[in-house]
Number of protein chains: 2
Amino acid sequence: MNADLPSTAIRVERPNKTLRELALDKVRDAIVDGYFKPGDRLVERDLCAQLGVSRTIVREVLRHLESEGLVANLPNKGPIVARLDLNEAKQIYEIRGALEGMAARLCAERRDPAIVEALEASLKGIRESYAAKDMSGVLSQTSGFYQTLFTKVDRDVAWGVVNLLTVRINHLRSMTIKTKNRDVEGPAQMEKIVEAIREGDGEAAYKAALDHVARAGAIAEALLAAQQTAE
Amino acid sequence: MNADLPSTAIRVERPNKTLRELALDKVRDAIVDGYFKPGDRLVERDLCAQLGVSRTIVREVLRHLESEGLVANLPNKGPIVARLDLNEAKQIYEIRGALEGMAARLCAERRDPAIVEALEASLKGIRESYAAKDMSGVLSQTSGFYQTLFTKVDRDVAWGVVNLLTVRINHLRSMTIKTKNRDVEGPAQMEKIVEAIREGDGEAAYKAALDHVARAGAIAEALLAAQQTAE
DNA sequence: CGATGTATTATGGCGTACCAGAATATAGCT
DNA sequence: AGCTATATTCTGGTACGCCATAATACATCG
């Protein structure tokens, strides 16, 4: 073969995922999107019927999701969608703060206009999603914003950690983004992060990121507290 | 039943773990302890023979460990013990710094002598393990130190995150603790953390924790770089 | 000796079955 | 109606088997 070609120039891509991978995506999405709710039992034979796969596949999927923290396995109760109490939720927001703050600081110190540009694009998408009342768009554009924050400074491991934690609070996130004024305040706080990054101010970027996630956490705490009172 | 009794006074404890749980512990320990090394293939039928369980159990264990990041699944290669490159290792040390720093600060702000006492006990255990040349004792006592740091300020979620990450660098950790002078410098750096916590100085505790993990990371980086040069 | 083609073996994907224990339903008694 | 005992159903634990594909071994040819 022509020595000039890069070694991947004609590599065959493998298009198909296994049944297990497809099923994993489906069940995870069903939990994250609220189709299965916290506390719901995940009965293996029911999942087989719903997904159209064998118990082998279902069991392997459940093992994976248990490890991710989305599923809890209670003795003699079988698997259920994991519940998240107020204390755990608070801790997740706090950890996100520590890691997102760190990433924001690194972005600022990088002084790369491309980072600012990419973040601005996500922010614009968030605003547009709010305007279109597209809440799932708001969530995915927000994820895009943070993915940029981490991956532009090569922090894939931290991004993985934040992702796993964020998935566990997705239900809360879908609630917090809908609260009064959040459509204005949320993007404004994120704009502060971007501003500090544009100015190369690491400390300000760090604080702005911390502040944003702390406020989101405070809203979530109020919502959870109200929910637990109502029960 | 006598109303004076606490509701758990006669509760039946369930002593037995499932085969899957036992197997999961065995395989995880085998990876963490270096019995299986990074890059080793984990052939299902071989694991069945070694563990004395069916492929169902083995597959579920592999799914769990994949999700934890200890096992990687390559298309048409099957599962292997995950490798950790220099970049990922550095990121793990950095994340630990952010979270352990946060926990150290919270410990200092708590101003609770019991925390200091518990940390001193772990530190003493680390020193004794070094003196006895018991490296696995050093590792487990160090884990005890950090578990205390997190759980004494009710940060179980962060502790879970740090634990998952630490397990991935256990091989590196067993190397860093053996380097020259580490038996003296390591505990001395940890003593600084405890000192700042005793004095209620959150900022100093934060910085000392950051410093300690950064130095451990630097040693690990040097070891990994040497290792990759030798290959 | 290297390249190619073919045969054989290895291995992961996936499905099905059986068992034991827990949960639930039902019957009987007071 | 409530309690207890028994029967039935449900469900997770675990094992085994088959298939298809990939990897490896081997044979042949130039």
Side-chain angles (χ1 to χ4, degrees), chain A residues 1-3 8 10-28 30-31 36-37 39-83, chain B residues 1 8 10-28 30-31 36-37 39-68 70-82:
Chain A
M1 178 51 62
N2 191 331
T8 54
I10 55 166
R11 175 180 283 274
V12 171
E13 294 303 308
R14 297 176 197 283
N16 295 324
K17 289 176 145 184
T18 64
L19 266 185
R20 178 180 74 246
E21 289 164 335
L22 293 168
L24 178 60
D25 290 344
K26 284 281 188 180
V27 180
R28 187 192 286 112
I31 292 173
F36 295 127
K37 296 172 178 20
D40 281 2
R41 287 190 68 193
L42 297 166
V43 180
E44 289 180 15
R45 286 172 177 81
D46 291 346
L47 286 173
C48 288
Q50 288 169 328
L51 295 162
V53 296
S54 73
R55 278 185 65 215
T56 302
I57 301 295
V58 164
R59 288 179 66 84
E60 291 189 25
V61 165
L62 289 175
R63 293 300 85 81
H64 197 108
L65 294 173
E66 269 172 61
S67 182
E68 284 187 7
L70 285 176
V71 164
N73 208 339
L74 307 174
N76 292 335
K77 280 276 196 175
I80 65 166
V81 179
R83 286 191 177 90
Chain B
M1 177 53 60
T8 54
I10 56 165
R11 173 179 284 272
V12 171
E13 295 303 309
R14 299 180 196 281
N16 295 323
K17 288 176 143 184
T18 63
L19 264 186
R20 179 181 72 247
E21 289 165 335
L22 293 170
L24 177 59
D25 290 345
K26 286 281 190 178
V27 180
R28 187 191 287 112
I31 292 173
F36 294 128
K37 296 176 181 11
D40 282 1
R41 288 191 68 192
L42 297 167
V43 179
E44 287 178 17
R45 288 174 176 79
D46 290 348
L47 286 173
C48 288
Q50 286 169 330
L51 295 161
V53 297
S54 73
R55 277 184 66 216
T56 304
I57 300 294
V58 165
R59 289 178 66 84
E60 292 188 24
V61 164
L62 289 175
R63 294 299 85 81
H64 197 110
L65 294 173
E66 270 172 58
S67 181
E68 283 186 9
L70 284 177
V71 164
N73 208 336
L74 308 172
N76 291 336
K77 279 277 197 176
I80 63 166
V81 180

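Chain identifiers are assigned alphabetically (A, B, ...) following the order of the sequence lines, protein sequences preceding nucleic acid strands; residue numbering begins at 1 within each chain.
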Roughly, in whole Å, what's the span from CG in A:Leu42 to P in D:dT11? 12 Å

Give A:Arg59 one of three labels, base, sugar-phosphate or nothing, depending on what nucleic acid heavy atoms sit under 4.0 Å from its own. base

Give the minimum heavy-atom separation between B:Ser54 and B:Cys48, together with the two atoms involved. C-SG, 3.6 Å

How many whole angstroms separate atom CD of A:Glu44 from atom P of C:dG21? 18 Å

Over how many whole Å does the gap from A:Ile80 atom CD1 to D:dG12 atom C1' extend? 15 Å

5'-most contact on DNA chain C (nearest-nucleotide basis), A:Ser54 vs B:Pro79, goes to B:Pro79

Distance in angstrom units between B:Lys17 NZ and D:dG13 P, rounded: 14 Å

Would you say B:Arg45 reaches C:dA10's phosphate, i.e. side-chain N/O to OP1/OP2 under 4.0 Å? no

Protein-nucleotide distance (A:Ile57, atom CD1; C:dT16, atom P), rounded to Å: 11 Å

Could you tell me how far apart A:Leu22 (CG) and C:dG13 (P) are, to the nearest whole angstrom? 13 Å

Can A:Asp40 and A:Lys37 be counted as an ion pair, charged N to O under 4.0 angstrom? no

At their closest point, which heavy atom of A:Arg20 faces which heavy atom of A:Val61, and how far apart are they? O-CG2, 3.8 Å

State, with a plain yes or no, whether a side-chain heavy atom of B:Glu44 is found less than 4.5 Å away from one of B:Leu62. yes

How close or far is atom C1' of D:dG12 from atom CG of A:Asp46, stated in whole angstroms? 13 Å

Would you indicate what B:Thr18 reaches in the nucleic acid, counting non-hydrogen atoms under 4.0 angstrom: base, sugar-phosphate, or nothing? sugar-phosphate

To the nearest angstrom, how far is A:Arg55 atom CZ from D:dG13 atom P? 8 Å

